[in-house]
Every structure is written in C-alpha cells, then in structure tokens.
Amino acid sequence: MSISTPGGPERRPTVVSTGKKPAAGRPAATDKPAGGKAGAGKGTPRPTSGGKGRKPVAPVKVSQGRSWGPIALFVAVGVLAAGIIGYGAFAAYRGSQPWQERADAIKGVVDYRKKDKELVTGGQHQAGSIKYDILPPVAGPHNPSWQNCMGDVYDAPIANEHAVHSLEHGTVWITYRPDLGADQVSKLKAKVEGKEKMMLSPFEGLDKPISLQAWGFQLKVDNADDGRIDDFIKTLRVNASVEGPNANCGQGITATGTTPRDGGNQMPEQPTQ
C-alpha cells in the first residue's frame, strides 16, 4: 500500500543552514553556480605569498646627517689652489716691476738714492781714509781699489773705502756684529760663498745684528733667517751697479783691516754701461 503525501506530488526536504562550519574533510558550501569559477569580488584582497593577507612593511631609512669630512677636504683644497694661483699672479706682477720698485717694496729697506742723489754719484775715487756719515757706508767717494767680491768671506773687518768701491760694481755686502752666534754666521756664509758680487765681513758698532748694503740701499735685520735677506740679494745684486753688469769683482784687495791700501793690485775699471 502506498502512502501519499499531502499537497500533491513528492517534494524534496528543505535544507536549513545552521551557521555551523562543515565537519573536517567536507567542503564548505559556496554560492557559485555548479561548474563555474569563483570570481574575486570587489574589495576582496588578493592572497599574498605565504598565504598571509598583509603587505610587507618597507624598512624606515634613518637620516645620518651630512658627511662633513669630504666637504671640509674639498674646501681646503679649493682654498689652497686659490692661494697658489694668487701667489703666482702676485709673483708675476712683482717680477714685471722695475728692480728699484721691487727694492723699495722690501719692508725696512732704506733707499738713499731718493734721500741723497749726490751721495750715490759714481766714479768718485779718493785715496786715503774717508769719513762716512752712514755706517756701514752704502755709497760715496771710495778708494780706487775695490775689495775682492767673488763670494769672499772675510773673518775680520775690511776697509770701508774698498768695500764701497765693490758696491759701485754691483756687490751686495753683508756685515754682522762680531758677537753674532756661530750658527747665524754660518747661515750668512752659505748665502755668500762662491757667489760673484757677494762678500761678507764682521763690522764693529752695528745697531742691529746684521746689515746689508748695496749701492744706495741698506737693510738691517735681527737674524739670518729673515726672508728679506734673500729678497734684498735677489733684487739688488748686479742691478744696483752704476758701472753695469760687467763691472769687475775679481783681482781686488783680499787683505783685511780697516786701513785702505792705496795702489793695491787691481784690474782696469770696466766702462760704464
């Protein structure tokens, strides 16, 4: 005997969702149609590597400040380069100046060519002892015989009358107090020995330890390390001659002593250039 259900033909039972998760091993129910692919809905994040939904956090860079070492080095090099260029330009400018202007630019130099033009008149030969108002003398009347000035180093005073004649020939005469230290004297000797139109001798009564003379110029300094000594020599040796660059410095008086030697052995005067 068949049993019929009320309401007509046979119906399938209705499935009611309880909200519970499916048991292990069973697939969860989805809303996608049969045979269809699940589409990524709007707002649904895509899975990332590792199965996690978070994006990797970018590392935060911490500012370490400026590196001042290279900057300081660059500035120092720039300053040094500018200094070298500036000095080169100044040296070139100085080198282009007339020698007398360069001489006057040496700090402390006394230019007697401007002070007393009669004093620096050349060719005033006079025998015997001569009184000089400027000591050591820088110009004026002088003995017909000159002191040998081929880089000669004299260990005792020499006659002013012969020395002044050497100045007229373009010599730089370096004098020093007899009590000057041996190390200082050695430095002065190194500037003179073997150099034509240079000579060195002690001189009594100097008001400064060292005094340099060229014809019409004088410079007094405290020690042999003073850079002005080299400036004086470079500028005035030969240039200060009133008889030209070919004026003789050899075959002169080589003896020491403050008394002039008249009629000493000497070569004839060279003509004024």
Side-chain angles (χ1 to χ4, degrees), residues 83-84 87-88 90-91 94-95 97 99-113 132 134-139 142 146-241 245 247-250 252-258:
I84 293 173
Y87 178 79
F90 176 74
R94 284 291 303 274
Q97 289 181 302
W99 67 264
Q100 188 159 343
E101 289 184 20
R102 299 199 306 272
D104 289 339
I106 299 172
K107 185 177 180 181
V109 76
V110 180
D111 184 351
Y112 288 98
R113 296 189 180 209
Y132 294 98
I134 300 166
L135 294 174
V138 297
H142 49 269
W146 58 83
Q147 194 77 22
N148 211 67
C149 43
M150 298 292 290
D152 294 82
V153 172
Y154 299 99
D155 295 328
I158 59 178
N160 291 331
E161 293 82 359
H162 299 309
V164 172
H165 196 157
S166 299
L167 298 182
E168 186 185 49
H169 286 197
T171 296
V172 170
W173 176 28
I174 302 179
T175 57
Y176 62 90
R177 282 200 304 228
D179 62 352
L180 187 67
D183 62 326
Q184 291 280 291
V185 175
S186 294
K187 291 178 180 180
L188 294 176
K189 286 182 178 180
K191 298 178 184 296
V192 172
E193 286 180 322
K195 299 177 177 65
E196 185 179 357
K197 300 196 175 182
M198 291 289 298
M199 62 185 187
L200 173 71
S201 69
F203 196 98
E204 296 281 354
L206 288 179
D207 57 350
K208 286 277 190 177
I210 301 169
S211 181
L212 293 88
Q213 290 67 230
W215 184 264
F217 294 90
Q218 189 170 67
L219 174 68
K220 296 181 178 181
V221 299
D222 291 319
N223 64 77
D225 298 309
D226 196 312
R228 293 174 296 170
I229 295 176
D230 291 338
D231 291 341
F232 189 95
I233 295 170
K234 181 180 179 180
T235 305
L236 293 169
R237 186 175 72 92
V238 180
N239 285 332
S241 172
N248 193 18
C249 240
I253 298 294
T254 57
T256 59
T258 57

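The structure displayed is predicted, hence computed values, not measured ones.
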query = By side chain to side chain contact (heavy atoms under 4.5 Å, CB included), which residues pair with D155, not counting sequence neighbours?
reply = V153, K189

key: R228 side chain to I106 backbone, donor-acceptor under 3.5 Å   = no

message = Testing the basics here: between E168 and S241, what is the closest heavy-atom pair and its distance to 0.1 Å?
response = O-OG, 3.3 Å

inquiry  = Classify the ring geometry of H165 against W146: parallel below 30°, tilted from 30° to 60°, perpendicular beyond 60°.
reply    = perpendicular

message = Nearest 0.5 Å, please: how far is CG in L180 from CG in L188?
response = 6.5 Å

remark   = Here the gap from K191 atom NZ to D230 atom CG, rounded to the nearest 0.5 Å, amounts to 3.5 Å

inquiry  = Under a 3.5 Å distance rule, please check whether R113 uses its side chain to pair with a backbone N or O of W215 as donor and acceptor.
reply    = yes

Least distance between heavy atoms, T235 atom then A103 atom = CG2-N, 3.6 Å

message = Any side-chain to backbone donor/acceptor pair from T175 onto S211? Under 3.5 Å, distance only.
response = yes

request  = Write down the atom of G252, the atom of N148, and the distance for their closest heavy-atom approach.
outcome  = N-OD1, 2.9 Å

ask   = Counting distance only, does the side-chain N/O of Q218 pair as donor-acceptor with the main-chain N or O of P136 below 3.5 Å?
value = yes

task = Evaluate the side-chain proximity of L167 to H142: yes if any heavy-atom separation is below 4.5 Å, no if none is.
result = no

request  = Could you tell me which non-hydrogen atom of K195 sits nearest to which non-hydrogen atom of A190, and how far apart they are?
outcome  = NZ-O, 3.1 Å

request  = Give the C-alpha distance, both sets of side-chain angles, the deciding distance and a yes or no for side-chain contact (heavy atoms from CB on, under 4.5 Å) between F217 and D104.
outcome  = CA-CA 9 Å; F217 294 90; D104 289 339; 3.8 Å; yes

query = Which pair of heavy atoms, one from V172 and one from A214, lies closest together, and at what distance?
reply = CG2-CB, 4.5 Å

key: Q147 (side chain) donor-acceptor with A255 (main chain) under 3.5 angstrom   = yes

query = Given I158 and I253, is the side-chain contact (heavy atoms from CB on, under 4.5 Å) satisfied, shown in steps?
reply = CA-CA 9 Å; I158 59 178; I253 298 294; over 6 Å; no

Tell me which donor-acceptor pairs under 3.5 Å the side chains of residues 198-209 have, and how far apart each pair is, sequence neighbours excluded?
| unit_1 | atom_1 | unit_2 | atom_2 | d |
| --- | --- | --- | --- | --- |
| S201 | OG | W173 | NE1 | 3.0 |
| D207 | OD1 | K220 | NZ | 2.9 |
| K208 | NZ | D222 | OD1 | 3.2 |

ask   = Should V221 and F232 count as side-chain neighbours, where that means a heavy-atom distance under 4.5 Å?
value = no

query = Sequence neighbours excluded, which residues qualify as side chain to side chain contact (heavy atoms under 4.5 Å, CB included) partners of D225?
reply = Q184, K187, N223

inquiry  = Let me confirm one number: the OH-CD1 distance from Y112 to I134, rounded to the nearest 0.5 Å.
reply    = 4.0 Å

inquiry  = Can you tell me how far apart OH (Y154) and SG (C149) are? Round to the nearest 0.5 Å.
reply    = 7.5 Å

key: Atom pair CD/OG of E161 and S166 - distance to nearest 0.5 Å   = 12.0 Å

query = For the atom pair CH2 (W99) and CZ (R237), what is the distance rounded to the nearest 0.5 Å?
reply = 14.0 Å

